[in-house]
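The structure appears below as structure tokens.
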Amino acid sequence: MFKDIAFGQYYPTSSFVHNLDPRIKLLLTVLFIVTIFFIQTYFSFLVTLVFLIVVILFSRVPVLSVLKSVKGILFLVLFAAIINLFFVSTGEVIYEKVITDWWTFRITWDGVHNSIKLTLRLIFLITGASIISLTTTPMRLTDGIESLLKPLKVIKFPVHDIAIIMSIALRFIPTLLDETHKTINAQKARGAAFDTGGLIKKAKSMLPVLIPLFVSAFRRADELAFAMDARCYNATEKRTKMRKLKLGWRDLIATLFVAGYATFIFVDRYYFLGLDHVLFPGVF
Amino acid sequence: MAVVEVKNLSFTYSKKTPYQTHALTDVSFSIEEGEFFGIVGATGSGKSTLISHLNVLTKIQSGEINVLGLSVKEKKNLKSIRFSVGMVFQYPEYQLFEDTVEKDVAFGPKNMKLDKEEIDRRVKEALNLVGLDYDLYAKRSPFELSGGEKRRVAIAGVIAMEPKILVLDEVAAGLDPEGREDILKLIKKLQKEKCPTVVLISHNMDDIASLADRILVLSKGRVEFLGTPKEVFKNYDRMNELKLGVPLATRIQKKLEEKGMSFSDVCVTADQLAHELKRISAKEAENV
Ligand SMILES: Nc1ncnc2c1ncn2[C@@H]1O[C@H](COP(=O)(O)OP(=O)(O)OP(=O)(O)O)[C@@H](O)[C@H]1O
Ligand SMILES: [Mg+2]
């Protein structure tokens, strides 16, 4: 049943990347995403590709699962690329057609390069983000976020409350999904149709599912609050963690690896001013 | 005539992912018209998955199922199969949603596009059948009823559709002993008066032994036994291995046999055991 299945796309196995500290993974993912926006040359994109392949190999997640999440946004990426292609009008012109006197349809080399780079950037971004969600359970992610937000306690930001709310929400998503599934089945068995009619009719036909779902969500919330109270749960006290996060040698290696990659991208951009000119003379 | 025919049914959840589970493997059986058909099996043995195939809530992956002669594979049969197989799920009270009992029971018949009078007639009849007085309960909110009453309303909602086959998934779960006794009596009554073919999933071997004509025993998605209660429960050791056990009467009989008593037949209900014991003591009296 759904309850056996961790929410999200977590891929259960044990690997170098799975065993990294979630805080390190979060920080490194942020670093990676920022770095991607500094990529300027095709050579850097090639290096990024190699970097991602290495990471995927070390995470022991099948490439197919990673590609699946890329597939989800493919449409968006293509859309952005096409818009870019049409609206960049600097650089050497490839094709030009005057449509009205205030708009000339124009495709330029700059536009083509921009579109390709935008596409690559978005795909790499999603790949990076999906690697962290494939290799980290939502619970560990929440632990990591809580730990990273700890400094905010100084300004009275309720870090622990937010974290416990997040973990409870995450914990109940599979349960509620399971329940939704069951309720839909029960109403279907009574002849309910969920996919016919117009928008209003469709929305109305969801009521037989939504009402029982809300009723049970409130009941569960009530029961959970009771259970927590009965165990004297108190969010304000200084609490210790059952699973303590600890940094290890893996985290050091991973940090060095990603930092090395990021350094290369920045050096390529700001020191060599784009290696493409050197590596592929004449083409760019 | 067989109203349900299942041939070589196999089903896998989350195919080709790390969560892949083979819920059913090569299951075949058929259910005759007018039969009380019991299904037992340990938790996770695939019972719910199996019955959700019977009214096409789960899309068939491999094998074949015919319900009242209609194949579940054909889309055009969907509606008529759904309306002829009445499904009462585990904890059916959680599917109530309308603001009055009457409206909730009418939900199924309404979806069948019956006319108003027919719907009213069926709602009344269904509520009275499940033992809830129409005048007392019709206008109340289903959410303020007791657990047992809610369950009756949910069952009435299915009965009102007048299905040809009634499928019940652990209807007695979570009720007190009296409540479960009442619900089981109700099912017997429903079979007699409304819907002759009944499929019942239960974890309680005593209930199943006294109610069912035939029993299907599932283990890890495969058919372990299929036969009358006597045929099934004579496999005393295997049933215990499967963590299902046997009815109390059979257990007592086994103990008595260990003490040296010999019986001519397996007993699965208290009545049968009492009968056997009477026969034996009469024979002993003769011999003296
Ligand atoms: N929606 C689902 N997704 C993935 N696996 C599932 C799903 N539903 C059931 N399973 C798995 O399929 C197997 C059979 O489940 P099923 O619900 O049919 O068992 P059951 O015999 O009805 O058990 P119970 O007596 O607890 O109701 C189990 O191993 C279960 O974990
Ligand atoms: Mg079940």
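All values below were derived from every heavy atom in this structure, side-chain atoms included, with hydrogens, water molecules and symmetry-related copies excluded. In what follows, chains are A, B, ... by sequence order, proteins preceding strands, each numbered from 1.
Closest non-hydrogen pair, A/H18 versus A/L134, comes out as NE2-O, 3.8 Å. Across all their heavy atoms, A/I123 and A/V70 have their closest contact at CG2-CG1, 4.0 Å. In this structure, B/K150 and B/E93 approach most closely via the heavy-atom pair CB-CB, 3.5 Å. Nearest heavy-atom pair, B/K220 versus B/S45, reported as atom, atom and distance to 0.1 Å: N-CB, 4.0 Å.
A donor-acceptor pair shorter than 3.5 Å can be found between the side chains of B/Y137 and B/E149.
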If you apply the rule salt bridge (Lys or Arg N to Asp or Glu O under 4.0 Å), what do you find for B/R121 with B/E117, and how did you get there?
CA-CA 6 Å; B/R121 183 190 70 73; B/E117 276 155 42; over 6 Å; no
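When heavy atoms are compared at a cutoff of 4.5 Å, B/M112 does not approach chain A at all. Heavy atoms of B/Y91 lying under 4.5 Å from chain A are absent altogether. At a 4.5 Å heavy-atom cutoff, the contact between B/L57 and chain A is made by backbone and side-chain atoms alike.
For the set B/V85, B/N111, B/V88, B/V158, the entry with the most heavy-atom pairs within less than 4.5 Å of chain A is B/N111. Heavy-atom pairs under 4.5 Å with chain A peak, among B/M87, B/Q90, B/R82, B/Q95, at B/Q95. With chain A as the partner, the residue from B/F107, B/F83, B/Y13 showing the most heavy-atom pairs under 4.5 Å is B/F107. Per-residue counts of heavy-atom pairs under 4.5 Å with chain B were compared for A/A186, A/P212, A/A189, A/P208; the largest is that of A/P208.
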